[in-house]
Amino acid sequence: MKPITQPTLAELTAEAMEWGRKPRRRGSWYVTEHMVRAMRAYGWTIVVGALGQPILYLLGLAVGLAALIAVPIPDGGREVPYLLFVAPALLATAAISVASEEFTYPVMAGFKWRQYFYGFNASALSSGQIANGVVLGAAARMLVTVVAYWAFICIFFEWLYPGAANFATSWISIVIGLVAGLAFGAPLMAYAGALEEDKGQFALVQRFVFMPMFLFSGTFYPLATLPLWLQWIGWISPLWHASELGRVVTYGKTVEPWLLAVHVTYLLVLTVGGVILARRVFTRRLAK
Amino acid sequence: MPEAVITAESLRKTYKVKGKADFVAVDDLSFEVAPGESFGLLGPNGAGKSTTMKMIGAVSTRTAGSLSILGLDPDQYGPEIRSRLGVVPQQDNLDGELNARENLFIYGRYFGLPAKVCHEKADELLAFAQLEDKAKSRVDALSGGMKRRLTIARGLINDPRILLLDEPTTGLDPQARHVLWDRLFRLKERGTTLVLTTHYMDEAEQLCDRLIVVDKGRIMAEGTPSSLIRQHSSREVLEVRFGSDRNQQVAGTLEGIGDRVEVLPDRILVYTSDGEAALERITALGLSPITSLVRRSSLEDVFLRLTGRSLIE
């Protein structure tokens with residue numbers, strides 16, 4: 001057998017420094033790639049959900065509820081058809097709904113059921129990059145959902161109320177939807193990452209966080225319609241803030257500048273804070 | 001002697017436990033591993049082997065001491081060190097939702113390898129792991145042995161300088177173990193440094209050039225398998241069984257036969273240079289064991305001698 005020539009320690013050190021360069025820079029994207037590839041396993045539910053949900057909701061509300069509520073809704077200095085009022089909120093809800101799936105069970109699977117995060121962590125990636133990749137992967141799925149929603153909203157309004165929606169700015173609701181999903185999802189991801197066992201907590205989040213938020217965040221009626229003692233649900237809900245912003249860009253609802261700043265700031269604080277917290281949770285757990 | 005690729009000095013790892021004193025998982029470990037060496041950590045469950053492996057793998061930080069992997073400090077250069085390591089964890093953590101080939105491909109991407117290289121490496125490693133016909137199978141559908149081979153293959157995607165294997169053959173049937181050993185020998189021949197933990201004696205003897213025996217986070221002994229046996233045990237061991245209720249009672253009468261007598265719940269071990277002669281002396285005493293066996297001393301005996309405990313409890 002040919003004798004093996006081993007490199008010197010200095011050569012090995014230099015080699016490691018060279019190999020580490022790319023993962024340090026692009027590691028988060030590598031994890032994103034993995035998460036997106038893994039989604040193909042349930043790709044048809046993503047596509048069917050992304051296309052089917054807006055069709056069902058918009059059609060159902062257009063031919064059903066909107067026909068019943070024939071009176072225009074006064075909102076921020078404008079009067080808009082009911083369907084136009086709810087559409088931006090439905091778009092944000094769709095993103096949040098994706099977030100409630102992608103930031104819970106896959107996180108638990110990564111740490112506990114399948115433990116693939118530990119596999120990622122043994123490679124050149126850092127735990128912070130793993131957290132980033134999970135966020136970006138979920139954001140990719142949210143993007144598909146909100147783009148589909150926005151496209152259907154455009155089609156519906158061109159068909160039913162031509163000229164009612166402002167398409168020059170309504171595309172911004174795609175960005176708003178994404179941020180809404182992350183504002184709800186990132187703190188949820190930190191929570192999911194900290195859970196040692198699934199004892200039905202995610203089902204509770206669906207029932208007692210997502211559902212009340214959906215019902216009491218000014219989704220189907222202006223928040224001011226609610227008695228004051230219930231309005232706080234909307235104030236703390238990323239859905240209300242996102243819906244209001246969505247209405248501004250979709251049909252030009254007038255909002256006080258200070259309130260506009262509150263909506264944007266609140267969503268960004270939840271997103272950034274949630275991501276920072278999730279990265280900490282991931283780092284602590286993966287180093288055990 | 002070439003410079004060590006792993007150097008640990010007074011390595012220590014403690015964990016905080018609520019309301020109690022810190023739990024010491026690794027206590028003052030010092031060792032070096034030379035390039036191309038096959039180095040083993042031997043010890044029972046809870047000895048601190050996996051914790052040590054995590055520190056070498058640059059995923060768990062040390063509480064005290066110094067550690068250098070490939071000339072770098074893992075606290076500062078984790079990604080750089082890990083980019084040249086291959087890791088085979090105790091528990092397979094493949095992505096069950098991807099197929100075998102995708103698992104290899106995507107893992108290669110983590111090291112920044114171009115997609116084309118990842119494809120080539122994936123095919124090469126599927127052949128290495130004898131899993132070509134399972135390339136498109138979802139990981140969840142593979143047997144335990146296949147998953148293990150795939151995990152080892154995954155650990156090699158970046159042509160690592162050091163391969164860390166934590167209990168690589170636990171839970172495998174004998175045939176699968178031998179296939180794995182064969183693959184590891186080939187890597188060794190290619191100059192890959194192997195660091196492995198095991199509580200299987202035969203595995204340690206087969207695979208390790210040198211090893212440390214660890215118990216309760218501390219090194220009990222260090223050396224080659226044969227030198228450890230020479231130092232801490234006799235050449236042969238006579239195993240005799242008199243029945244679980246009589247072993248303890250008979251053991252007293254065997255004192256003086258061989259160098260040392262050890263009583264286990266199911267058998268008595270007589271450490272001696274000549275097992276057959278020891279058995280003759282026992283029969284001459286009028287004792288007739290239910291079964292008797294003369295064998296070479298193994299690392300199991302070394303461990304028993306050093307810790308007073310059996311490795312697999």
Side-chain angles (χ1 to χ4, degrees), chain A residues 1-27 29-43 106 109-130 133 283 286-288, chain B residues 2-5 7 15 34-36 51 54 57-61 68-72 77-89 91-98 102-103 105-113 138-140 151 154-155 157-158 161-162 164 188-193:
Chain A
M1 200 173 70
K2 226 167 68 180
I4 303 154
T5 17
Q6 289 284 358
T8 64
L9 188 60
E11 285 167 340
L12 289 173
T13 307
E15 183 187 80
M17 293 302 287
E18 180 56 33
W19 272 73
R21 202 171 294 164
K22 258 169 99 175
R24 264 205 195 263
R25 232 179 22 237
R26 300 190 204 153
W29 295 109
Y30 300 149
V31 182
T32 311
E33 185 183 342
H34 187 143
M35 299 311 285
V36 171
R37 273 175 186 273
M39 282 176 201
R40 285 190 314 189
Y42 52 100
F111 280 118
K112 173 102 181 156
W113 298 324
R114 293 176 182 273
Q115 305 197 355
Y116 46 73
F117 288 161
Y118 294 95
F120 299 2
N121 197 43
S123 75
L125 303 171
S126 69
S127 28
Q129 288 173 330
I130 296 170
T283 303
L286 288 169
K288 264 187 192 168
Chain B
E3 285 175 283
V5 286
T7 308
Y15 291 102
T51 309
K54 282 182 191 166
V59 291
S60 182
T61 51
S68 165
I69 319 288
L70 298 168
L72 296 166
Y77 296 100
E80 285 76 12
I81 292 169
R82 292 194 299 272
S83 72
R84 302 309 297 127
L85 298 183
V87 179
V88 180
Q91 200 170 358
D92 295 325
N93 50 29
L94 300 155
D95 190 333
E97 297 195 334
L98 301 181
E102 284 172 326
N103 261 281
F105 173 86
I106 200 73
Y107 211 73
R109 300 284 294 139
Y110 289 174
F111 296 91
L113 298 175
R138 265 173 66 127
V139 163
D140 285 341
T151 306
R154 189 185 68 172
I157 196 85
N158 57 334
R161 292 293 183 184
I162 303 171
L164 306 178
K188 198 167 145 42
E189 281 170 7
R190 277 165 29 185
T192 310
T193 305

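All chains are named by letter (A, B, ...) in the order of the sequence lines, taking the proteins before the strands, and each is independently numbered beginning at 1.
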Heavy-atom distances under 4.5 Å only: say whether B/Pro35 touches chain A with side chain, backbone, both or neither. both

Looking at every heavy atom in both B/Ser60 and A/Ala287, which two are closest together, and how far apart are they? OG-O, 3.2 Å

Can a salt bridge be assigned to the pair A/Arg114 and B/Asp140 using a cut-off of 4.0 Å between side-chain N and carboxylate O? yes

Does any heavy atom of chain B fall under 4.5 Å from the side chain of A/Leu286, the backbone, both, or neither of them? backbone

Looking at A/Met17, A/Arg26, A/Arg21, which makes the most heavy-atom pairs under 4.5 Å with chain B? A/Met17

Heavy-atom closest contact (A/Ala16 atom, B/Leu72 atom, distance): CB-CD1, 3.9 Å

Top contributor to chain A contacts, counting heavy-atom pairs under 4.5 Å, from B/Leu85, B/Val87, B/Asp95: B/Asp95

Atom CD1 in B/Ile69, atom OG1 in A/Thr13: separation rounded to 0.5 Å? 11.0 Å

Which heavy atom of A/Ser123 sits nearest a heavy atom of B/Phe111, and at what distance? CB-CZ, 3.6 Å

For atom OH of B/Tyr77, is the number of surrounding heavy atoms from other residues, nucleotides or ligands below 6.0 Å larger than 12? no

Looking just at side-chain N and O atoms, do B/Tyr107 and A/His34 make a donor-acceptor pair shorter than 3.5 Å? no

Heavy-atom neighbours of A/Trp29 CH2 exceed 12 at 6.0 Å: no

Once rounded to the nearest 0.5 Å, what's the spacing between atom CD of A/Gln6 and atom OG1 of B/Thr193? 5.5 Å

Salt bridge flag under 4.0 Å for residues B/Arg161 and A/Glu15: yes

Hey, could you give me the OH/CD1 distance between A/Tyr116 and B/Ile106, rounded to the nearest 0.5 Å? 12.5 Å

Below 4.5 Å, heavy-atom pairs only: which of A/Gly20, A/Ala38, A/Ala124 has the largest tally toward chain B? A/Ala124

With a 4.5 Å heavy-atom cut-off, do A/Leu12 and B/Val5 have their side chains touching? yes

Sidechain N-carboxylate O distance under 4.0 Å for B/Glu97, A/Arg40: no

In Å and rounded to the nearest 0.5 Å, what is the CZ to OG1 distance from B/Arg109 to A/Thr32? 11.5 Å

Which heavy-atom pair separates B/Pro79 from A/Arg24 by the least distance, and what is that distance? CD-NH2, 3.6 Å

I need the residue from B/Ile157, B/Asn158, B/Leu113 with the largest number of non-hydrogen atom pairs under 4.5 Å to chain A. B/Asn158

Restricting to non-hydrogen atoms, name the atom on B/Gly112 and the atom on A/Pro23 that form the minimum distance, rounded to 0.1 Å. N-CG, 4.4 Å

Taking all non-hydrogen atoms of both residues into account, name the closest pair between B/Leu70 and A/Leu9 and its distance. C-CD1, 3.7 Å

Roughly how far, to the nearest 0.5 Å, is CZ of A/Phe120 from CG of B/Asn93? 9.0 Å

